[in-house]
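Scroll down for the structure; my scribbles are underneath it.
Labels below follow one simple rule: chain letters A, B, ... track the order of the sequence lines, proteins then strands, and each chain is numbered from 1.
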Amino acid sequence: EDRKVTGKEKPLLFPDWAYKPAWSPGSRQVQLWHFLLELLGRGEGSAIGWGGEWGEFVIRDPERLAKLWGERKGKPHMNYDKLSRALRYYYNKRILHKTKGKRFTYKFNFSKLILVNYPGYPPPGLQVIITSLQLMSKPPVLLLFHFI
DNA sequence: GACGGAACGC
DNA sequence: GCGTTCCGTC
């Protein structure tokens, strides 16, 4: 019942994964896709950056990204081989897919959705019109903005 | 590099 | 459940 939309709006159809809380009380671990969005939101100078298409991103420095992820998770031996296995598990969950033929390039499966309570969101240069709702709950849930 | 099975930990 | 580790295969 935490995740129910408050008010009288008719239910909006967002993918389940979009409702996952970014941070939970206590010790719940960061998820990889949260971490990726966090870095992407920071923009320049990162090991990862937005690609040409909507939701697409390019890993500019795979081993550096892996190292950062390993630091966050307390896994000093993390590398791109292992990180990319975790990314591949996202294919079946419909969180990500691979941009075929483009090296180190993946794409988030949000279509007209962006998740905005990460630093730097939305990415600069994007025109957004907020049509959607804020999901209020404790712990804080991702804010969902609807692009048109 | 990219893929996905398998065993494993927490 | 969400990766981590390892690895055979293309």
Approximate separation, where rounding is to 0.5 Å, of Trp33(A) CH2 and Asn109(A) CG: 12.0 Å
Rounded distance (nearest 0.5 Å) linking atom CG of Leu68(A) with atom CG of Leu36(A): 11.0 Å
Whole-Å distance separating the [atom1] atom of [X] from the [atom2] atom of [N]:
| X | N | atom1 | atom2 | result |
| --- | --- | --- | --- | --- |
| Ile59(A) | dA2(B) | CD1 | C1' | 12 Å |
| Asn92(A) | dC3(B) | CG | C1' | 12 Å |
| Leu87(A) | dT5(C) | CG | P | 14 Å |
| Arg85(A) | dT9(C) | CZ | P | 16 Å |
| Lys93(A) | dG4(B) | NZ | C1' | 15 Å |
| Met78(A) | dG9(B) | CE | P | 16 Å |
| Arg88(A) | dT9(C) | CZ | C1' | 12 Å |
| Lys75(A) | dT5(C) | NZ | C1' | 9 Å |

Pair Phe104(A) and Tyr80(A), ring centroids less than 6.0 Å apart: yes
Contact summary for Lys98(A) and Thr105(A), nearest pair of heavy atoms: NZ-O, 2.8 Å
For [X], answer base if it contacts any base atom (sugar-phosphate contacts may also be present), sugar-phosphate if it contacts only those atoms, and nothing otherwise; contact means non-hydrogen atoms under 4.0 Å.
| X | result |
| --- | --- |
| Lys73(A) | sugar-phosphate |
| Lys82(A) | base |
| Arg103(A) | sugar-phosphate |
| Leu83(A) | nothing |

Residue mapping more 5' on DNA chain C - nearest nucleotide basis, Asp81(A) or Tyr90(A): Tyr90(A)
5'-most by nearest nucleotide on DNA chain B - Lys98(A) or Tyr89(A): Lys98(A)
Phosphate OP1/OP2 of dT4(C): any Trp69(A) side-chain N/O under 4.0 Å: yes
N or O in side chain of Tyr80(A) less than 4.0 angstrom from dG1(B) OP1/OP2: no
Within 6.0 angstrom of Lys73(A) NZ, more than 12 heavy atoms from elsewhere: yes
